[in-house]
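Structure first, then comments.
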Amino acid sequence: MDPYKTLTDPLLCAFPELAASDLSFTTPPNQALGDVAVPMFLAARKLKCAPPALAVQAAERAQFGPEVVSASPAGPYLNLKLDRSRVGRDILEAVLREGDRFGSTNVGAGKRVVIEHTSINPNASPHVGRARNAMIGDSLTRLFRFQGHEVEAHYYVNDMGRQIGLLVLIASELEELSFDQVLDAYVRANDRAKDDEAFAQRGYDLLLKMEEGDPAAQEQFRAVTDLCLKGQLAVLARLGAQYDVFDRESKYVRDPRLDAVCAALREKDALFTDEEERLVVDLSKLGHAVEEGRYFVLMRGNGSSMYGYRDLAYTMDKEALGADINVMVLGEDHKMYAQQLSMILEAAGHAAPEPIYYSYIILKDGKMSTRQGKVVLLSDFLDQASALAAERVASQCASLSPDEQLLIAEQVAVSAIRFAVLRVNPNKNVTFDMEAALSFQGDTGPYIQYSCARIRSILRKHGESVPAIPGESFEAGTDAEWALLSKVASFPEVASAAFSQRSCAGIAVYALELARTFTTFYHDCPVLSADTPSQRVSRLQMCQAVLQVLSNALSILGIEAPEQM
RNA sequence: GCCCCGAUAGUUCAGUGGAUAGAACGGCCGCCUCCUAAGCGGCAAACACAAGUUCGAUUCUUGUUCGGGGCACCA
């Protein structure tokens with residue numbers, strides 16, 4: 001869908017020296033100037049003339065088709081006024097024809113993606129900071145699928161290691177451990193290990209036993225980590241996060257493929273056993289320039305493996321799936337680790353996944369701190385938001401059943417958190433304001449849902465189906481209508497950028513802008529009580545198309561748009 | 001100390017090598033006989049600082065300041 005395609009040729013015809021890449025189309029600062037602006041800077045440079053002079057020449061020489069009503073130079077720009085109804089009809093036709101595929105370039109057709117995300121340590125109920133990984137990962141999964149890829153979403157379950165060992169130890173001292181008590185037990189276990197050396201040693205011993213295959217130890221680890229995973233997944237499911245495969249870290253202990261990696265490292269003189277019998281990689285032998293982080297420990301002196309050692313095997317496992325795109329979503333705290341891992345794998349002839357980093361979520365009054373209880377648990381947020389939304393729904397949608405009302409409230413809650421987090425560029429910290437996120441006002445997910453509900457209300461009241469093909473009588477003359485159509489037309493570009501940038505933030509911002517543009521239209525342009533029947537149909541079609549595009553964008557963000565709210 | 005990210009209205013976020021830097025929240029003033037006021041209109045309000053590249057820099061470079069993350073036996 002490129003509404004400006006028909007504008008390129010006449011310009012190229014008038015200036016044969018130019019290529020399509022010398023031309024771009026933007027929106028003029030206000031609609032009085034025109035509907036489309038062509039900046040002349042690039043073209044002028046190529047033709048070695050001044051941009052304003054070229055704009056004048058272009059206006060005189062270009063022979064535009066019927067879609068252009070007028071072309072006027074304004075400084076270095078050529079402003080075009082379009083036959084809005086004609087161009088708008090083409091835009092609408094594309095949206096209504098392509099439906100839930102509108103916006104997809106289908107670049108992923110026939111291609112496979114492996115994405116790993118969330119992978120929260122099984123030690124606590126997730127807070128919104130951890131959940132940023134899940135939201136980013138889940139939305140990327142949806143974006144890849146939207147662009148035509150076949151995607152497998154993986155969740156790496158860190159079901160072993162020293163800290164889990166300590167947790168298992170504490171758990172065995174308790175009568176019973178519930179999911180809610182896990183974090184507390186985890187914190188206590190780690191604290192105790194600090195001053196109680198015997199306790200810490202028992203933890204290491206237990207871990208080693210488990211790694212060596214002791215069935216009782218393995219059963220203990222399994223029970224504790226299953227409890228945690230189950231609790232975590234229940235919360236993540238509320239968010240709408242979906243996973244296809246759960247990979248357990250314990251599966252990758254002593255993986256035979258690691259021998260080959262070690263051999264490759266030895267070959268390069270990058271592997272050594274230190275004075276305490278630890279197996280260590282010297283990354284400086286692999287080209288690691290900086291002094292810090294040049295050592296990477298694979299095995300403890302007692303023979304139990306480190307996280308990175310298992311991760312090497314896991315990463316090779318994912319590589320072996322042979323996907324065209326292999327990505328993993330990581331907190332920025334994992335940057336150096338991922339680089340180290342990648343360096344080791346490369347030395348052994350393997351490729352690491354493409355990392356997608358995100359920064360932490362911080363609270364208004366500073367960093368989150370699990371220890372100080374300064375965290376916003378995802379489940380707490382969802383509970384509060386859902387309860388608040390339920391009150392509104394109860395008064396505004398009284399005719400719906402309690403179950404339906406509850407469903408809507410939950411959808412609003414999920415949209416509030418997903419939108420608040422996803423709309424921020426991943427490489428920036430998100431400052432999370434509980435109060436703002438619960439207000440559902442302004443730049444929020446619920447605002448977009450509300451716009452959808454208004455559209456649905458209009459379509460419901462119209463009662464009949466809307467013709468899916470805009471006819472000759474289609475009209476879109478007003479500024480508000482044109483603004484809406486041109487916004488709709490830009491969705492494919494937004495979705496493509498999101499794919500290449502591996503970020504759904506632009507989609508979130510776009511959805512908000514489209515919803516806002518629709519609201520202006522909603523106030524300026526009566527639909528059901530339009531002046532003429534053809535105007536009514538045209539506007540109904542615009543509503544239909546906007547709902548479609550909003551739905552497409554929201555579904556990438558993992559947000560549902562309720563019928564009413 | 002060293003390395004990696006970031007810095008835009010009071011606050012939370014957009015944005016761009018070129019037309020008047022957009023929203024929202026908060027503040028003030030208005031709007032429900034009108035397709036849902038979770039809404040709309042109006043007013044006040046910003047490119048951290050300093051050099052450099054450029055016809056033109058908020059955008060690119062470097063330095064400074066501040067914030068986030070990291071720097072071997074955690075995962």
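Naming convention: chains lettered A, B, ... in sequence-line order (proteins, then strands); numbering from 1 in each chain.
Taking side-chain N and O atoms only, A:Lys428 has a distance below 4.0 Å to OP1 or OP2 of B:A7. Phosphate proximity of B:G67 to A:Lys367: absent, as no side-chain N or O sits under 4.0 Å from OP1 or OP2. For A:Asn425 and B:G15, the shortest distance from a side-chain N or O to OP1 or OP2 is below 4.0 Å. Between A:Thr431 and B:C13, a side-chain N or O to OP1/OP2 separation shorter than 4.0 Å is present. Phosphate proximity of B:G6 to A:Asn427: present, with a side-chain N or O under 4.0 Å from OP1 or OP2.
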Expected string for nucleotides 55-60 of chain B under the B/S/- scheme (protein heavy atoms, under 4.0 Å, primed atoms plus P, OP1, OP2 as sugar-phosphate) is B-----
Within the 4.0 Å limit for protein heavy atoms, which parts of nucleotides 24-45 of chain B are touched? Write it as a string from 5' to 3', B for base, S for sugar-phosphate only, - for none. S----------BBSBSS-----
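For A:Lys335, taking side-chain heavy atoms from C-beta onward, the closest of the listed nucleotides B:C4, B:G70, B:A75 is B:C4.
B:G22 and B:C13 make up a base pair, with Watson-Crick or G-U wobble contacts both under 3.5 Å. Across the strands present, B:G39 finds its partner in B:C31; the criterion is a Watson-Crick or G-U wobble pair with both atom distances under 3.5 angstrom. For B:G63, the paired base is B:C49 (Watson-Crick or G-U wobble, both distances below 3.5 Å).
Heavy atoms of A:His462 sit nowhere under 4.0 angstrom from any nucleic acid atom. Backbone-only engagement by A:Asp333 is indicated by non-hydrogen atom pairs under 4.0 Å involving sugar-phosphate atoms exclusively.
Taking the centre and axis of the six-membered ring of A:Tyr360, the NZ or CZ atom of A:Lys367 falls outside the cone set by 45° and 6.0 Å.
Of the candidates A:Val297, A:Val261, A:Leu312, A:Leu271, A:Val281 forms a side chain to side chain contact (heavy atoms under 4.5 Å, CB included) with just one, namely A:Leu271.
The base of B:A72 lies outside donor-acceptor range of the side chain of A:Asp282, with no N or O pair under 3.5 Å.
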